[in-house]
Amino acid sequence: MIRKKAIIFGVTGQDGYYLTKFLLKKNYVVHGIKRRSSSVPTNRISSFLNQKNFKIHYGDLTDTSSIYNIIKSVKPDEIYNLAAQSHVGVSFYTPIFTANVNAIGVLSILEAIRTINKQIKFYQAGTSEMFGKTNSRIQSEKTIFNPQSPYGSAKVFAHQITQNYRDAYNIFASNGILFNHESPFRGDNFVTKKIVSSLTKIKNGKQKKLVLGNLYSRRDWGHAADYVEAIYKILQQKKPGDFVIATGRECTIKEFVNKTAKIINLKLKWKGSGLNEFAIDQSGRTIISVDKKYFRPLEVDYLRGDASKAKRILKWKAKISLDDLIKEMVNYEKKQF
Ligand code: NAP
Ligand code: F7E
């Protein structure tokens with residue numbers, strides 16, 4: 001039997017873990033690309049490292065030669081680009097690096113596909129951050145982009161250059177426009193992971209306080225396991241295209257905190273407002289406060305995705321509820337004590 005070969009850039013990240021698991025189950029040979037790092041970057045994917053259908057290569061999206069050499073030697077059927085400097089807040093501190101990885105890195109992959117083999121299918125990990133400041137109450141593939149960060153702006157370039165290569169060179173190049181998706185394997189400095197991890201520790205006496213930034217932005221949160229299934233389906237279509245992947249539901253950061261507290265049975269009472277807003281526990285101790293340092297120079301206030309195109313064409317919809325996602329994240333955190 002001939003197995004399909006996939007390259008995953010960004011294999012060591014949250015989505016890299018879920019997509020690798022998914023593709024290995026589908027009998028793919030998966031080639032994952034990792035960067036050199038002073039600490040072990042493969043913690044999430046350690047369970048795959050000894051599997052014969054999983055191979056790991058050193059590479060970096062800022063090193064065009066590594067991208068070219070890997071694609072030339074692996075001869076993949078499909079390339080999934082999940083690699084990015086993916087933190088919106090950090091992109092204000094490292095804007096040039098963010099643009100080199102998230103924008104130019106994508107162009108380097110597309111150029112390698114164009115020169116090596118135009119039959120390779122390509123997936124680009126786009127984001128709801130491309131919508132940025134929007135007047136649309138629900139955002140679809142037709143909503144105008146208005147990014148509010150170096151991260152979002154670099155992703156708009158990546159999105160459009162992917163469309164350009166599709167149209168100019170007839171390459172099967174597709175964009176996902178994924179809204180926030182989380183899991184127990186989410187990076188530590190994203191807000192859901194920070195909230196779940198901190199509140200679980202506070203409940204168990206292992207941490208004193210959780211300090212957050214803007215409590216009132218609204219996000220449409222799904223589960224990464226659901227979303228990688230959509231990513232896969234995007235590359236299995238007859239024609240390439242762009243797809244919003246979202247749940248269609250949103251809530252504020254504060255509502256996410258309250259849901260998590262309820263699930264772990266931690267009683268909270270909110271007081272104050274603005275930078276002086278805080279929450280106390282049953283004994284009157286302040287366990288949540290707000291600090292300016294976690295605010296961004298620009299904020300994206302409201303994101304809610306319309307995934308009806310994905311439902312119609314990919315036959316995809318989000319299955320895991322926000323409450324079940326939080327419960328899974330809480331259970332994982334408890335096991336880390
Ligand atoms: P993540 O956990 O931060 O993973 C990012 C991956 O990119 C990691 O494997 C990271 O490697 C790798 N990477 C970073 N810089 C690189 C470079 N210069 N060369 C090669 N690899 C590099 O992100 P994620 O949540 O899995 O997201 C996957 C993709 O979807 C990203 O492109 C993100 O921007 C996009 N996205 C995510 C969401 C979401 O809510 N999760 C929503 C929309 C779009 P290290 O492990 O070495 O850092
Ligand atoms: O912030 C607010 C923050 O960093 C969510 C990435 O995967 O999804 C993610 O980007 C919201 C923002 O995710 C803290 O200001 C408050 O309004 O968890 P986040 P994000 O910025 O939405 C998109 C779709 C991606 O593409 C990205 O790659 O929460 N917030 N207090 C905080 N955020 C953080 N990180 N930390 C806080 O303490």
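Heavy-atom basis, side chains included; hydrogens, waters and symmetry copies ignored. In each ligand, atom 1 is the first atom listed, and ligand 1 is the first ligand listed. Counting begins at 1 with the first residue of the sequence.
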Open item on the list: Does ligand 2 come near enough to Y294 that some N or O of the ligand is less than 3.5 Å from an N or O of the residue?
Closed with: no
Task: Nitrogen or oxygen atoms of N180 and ligand 1 under 3.5 Å apart - done: no
TODO: Of the side chain and backbone of N189, name the one, both, or neither that has a heavy atom under 4.0 Å from an atom of ligand 2.
DONE: backbone
Task: H87/Y151 aromatic ring centres below 6.0 Å - done: no
- [ ] Report the C-alpha distance between N117 and K75 in whole Å, list the side-chain angles of each, state the deciding distance to 0.1 Å, and finish with yes or no for side chain to side chain contact (heavy atoms under 4.5 Å, CB included).
- [x] CA-CA 8 Å; N117 175 9; K75 301 186 176 59; over 6 Å; no
- [ ] Return yes or no for this condition: an N or O of D15 is under 3.5 Å from an N or O of ligand 1.
- [x] yes
TODO: Identify, by atom number and element, the atoms of ligand 2 in contact range of I253, meaning under 4.0 Å from any of its heavy atoms.
DONE: 11 (C), 29 (O)
Open item on the list: So that I know where these two stand, are F172 and F122 an aromatic pair - ring centroids less than 6.0 Å apart?
Closed with: no
Open item on the list: Do the side chains of D77 and K121 get close enough for a salt bridge, i.e. N-O under 4.0 angstrom?
Closed with: no
Task: Closest protein heavy atom to atom 4 (O) of ligand 2, given as residue, atom name and distance to 0.1 Å - done: R296 NH2, 2.8 Å
Task: Option with minimal heavy-atom separation from atom 21 (N) of ligand 1, where the choices are A83, S183, G32 - done: A83
Open item on the list: With a 4.0 Å cut-off on heavy atoms, is K155 in contact with ligand 1?
Closed with: yes
Open item on the list: Using every non-hydrogen atom in the two residues, find where D242 and Q163 come nearest and quote the distance to one decimal.
Closed with: OD2-NE2, 2.7 Å
- [ ] For ligand 1, note which part of V101 has a heavy atom under 4.0 Å away: side chain, backbone, both or neither.
- [x] side chain
Task: Working for side chain to side chain contact (heavy atoms under 4.5 Å, CB included), residues F256 and V191 - done: CA-CA 9 Å; F256 188 96; V191 80; over 6 Å; no
- [ ] Using heavy-atom distances, let me know which of L178, I177, N180 sits nearest atom 20 (P) of ligand 2.
- [x] N180
- [ ] May I ask you to check if ligand 1 and T12 share an N or O to N or O distance below 3.5 Å?
- [x] yes
Open item on the list: Out of all atoms in ligand 2, which are within 4.0 Å of some heavy atom of K194? Include the element for each.
Closed with: 37 (C), 38 (O)
Open item on the list: In this structure, does ligand 1 have an atom that sits under 4.0 Å from one of the heavy atoms of R186?
Closed with: yes
Task: Check ion pair D301-K133 (N to O, under 4.0 angstrom) - done: yes
TODO: Consider every N or O of S217 and every N or O of ligand 2, then say whether any pair is closer than 3.5 Å.
DONE: yes
- [ ] Please report which non-hydrogen protein atom sits nearest to atom 39 (C) of ligand 1, along with the residue it belongs to and the distance in Å to one decimal place.
- [x] H181 CE1, 3.3 Å
Task: Shortest protein contact, atom 7 (O) of ligand 2 (heavy atom only) - done: R186 NH2, 2.9 Å
- [ ] Flag the pair H223 / H181 as yes when their ring centroid distance falls below 6.0 Å, and as no otherwise.
- [x] no
Open item on the list: Test your reading of the structure: does Q85 have an N or O sitting under 3.5 Å from an N or O of ligand 1?
Closed with: no
- [ ] Using the six-membered ring wherever Trp is involved, compare the ring planes of Y80 and Y123 and label them parallel, tilted or perpendicular (cut-offs 30° and 60°).
- [x] tilted
Task: Sub-4.0 Å heavy-atom contact, Y151 with ligand 1 - done: yes
Task: Evaluation steps, side chain to side chain contact (heavy atoms under 4.5 Å, CB included), between R219 and R304 - done: CA-CA 7 Å; R219 291 290 182 274; R304 178 179 166 224; over 6 Å; no
Open item on the list: Ignoring hydrogens and geometry beyond distance, is a side-chain donor-acceptor pair present between S140 and K309 at under 3.5 Å?
Closed with: no
- [ ] Tell me which protein heavy atom sits closest to atom 16 (C) of ligand 2, plus the residue, atom name and distance to 0.1 Å.
- [x] N214 O, 3.2 Å
Open item on the list: Evaluate T127 for polar contact with ligand 1, using N/O atom pairs at a separation under 3.5 Å.
Closed with: no
Task: Within-cut-off N or O pair, L61 and ligand 1, under 3.5 Å - done: yes
Task: Which atom of S149 lies closest to which atom of E129, heavy atoms considered - done: OG-OE1, 4.3 Å
Task: Closest protein heavy atom to atom 5 (C) of ligand 2, given as residue, atom name and distance to 0.1 Å - done: V191 CG1, 3.8 Å
Open item on the list: I want to confirm something. Looking only at heavy atoms, which of D301, V257, T127 is nearest to atom 23 (C) of ligand 2?
Closed with: T127
Open item on the list: At less than 4.0 angstrom from any non-hydrogen atom of G13, what atoms of ligand 1 do you find?
Closed with: 2 (O), 4 (O), 8 (C), 9 (O), 26 (O)
Open item on the list: Tell me if a side-chain donor or acceptor on E328 pairs with a main-chain N or O of L325 at a distance below 3.5 Å.
Closed with: no
Open item on the list: What I want to know is whether L82 and ligand 1 share at least one N or O pair that is separated by under 3.5 angstrom.
Closed with: yes
Task: Those atoms of ligand 2 less than 4.0 Å from some heavy atom in E299 - done: 3 (C), 12 (C), 15 (O), 17 (O)
Open item on the list: Looking at ligand 2, is there an atom of it that comes within less than 4.0 Å of some heavy atom belonging to S128?
Closed with: yes
Task: Y232 and F22 aromatic centres sub-6.0 Å - done: yes
Open item on the list: For K155 versus A84, what's the shortest heavy-atom pair and its separation?
Closed with: NZ-CB, 3.8 Å
Open item on the list: Suppose I only count heavy atoms of V88 and a 4.0 Å limit; which atoms of ligand 2 are within that range?
Closed with: 10 (O), 21 (O)
Open item on the list: Can you confirm whether or not the ring centre of H31 sits under 6.0 Å from the ring centre of F54?
Closed with: no
TODO: Please state whether K155 comes within less than 4.0 angstrom of ligand 2, counting heavy atoms only.
DONE: no
- [ ] Could you tell me the residue and atom name of the protein heavy atom closest to atom 18 (N) of ligand 1, and the distance to it rounded to 0.1 Å?
- [x] D60 OD1, 2.8 Å
- [ ] Go through ligand 1 atom by atom and flag the ones less than 4.0 Å from a non-hydrogen atom of L178.
- [x] 42 (C), 43 (C)
TODO: Return the option from S39, S86, A154, G126 holding the heavy atom at the smallest distance from atom 3 (O) of ligand 1.
DONE: S86
- [ ] Please indicate whether any nitrogen or oxygen in S86 is less than 3.5 Å from any nitrogen or oxygen in ligand 2.
- [x] yes
Task: For G213, atoms of ligand 2 separated by under 4.0 Å from a heavy atom - done: 14 (C), 16 (C), 31 (N), 38 (O)
Task: Heavy-atom nearest neighbour in the protein, as seen from atom 6 (C) of ligand 1, with distance rounded to 0.1 Å - done: G10 CA, 3.7 Å
Open item on the list: Ring-plane angle category for F48 and Y17, please: parallel below 30°, perpendicular beyond 60°, tilted otherwise.
Closed with: parallel
Open item on the list: Tell me whether N43 at atom CG has more than 12 heavy atoms from other residues, nucleotides or ligands lying less than 6.0 Å away.
Closed with: yes
Open item on the list: Can you name the atoms of ligand 2, numbered from 1 with element, that are less than 4.0 Å from a heavy atom of Y151?
Closed with: 25 (C), 26 (O), 27 (C), 28 (O)
Open item on the list: Check whether N146 reaches the backbone of F131 with its side chain - one donor and one acceptor, N or O, closer than 3.5 Å.
Closed with: no
Task: Under-4.0 Å salt bridge between E78 and K5 - done: no
Open item on the list: Would F295 count as a contact residue for ligand 2, given that I'm defining contact as a non-hydrogen atom of the residue lying under 4.0 Å from a ligand atom?
Closed with: no
Task: From the candidates A125, G16, A84, the one that places a heavy atom nearest atom 14 (C) of ligand 1 - done: A84
Open item on the list: Using a 4.0 Å heavy-atom cut-off, which part of R35 comes near ligand 1: side chain, backbone, both, or neither?
Closed with: side chain
Task: Charged tip of K254 within 45° of W270 ring normal and under 6.0 Å - done: yes
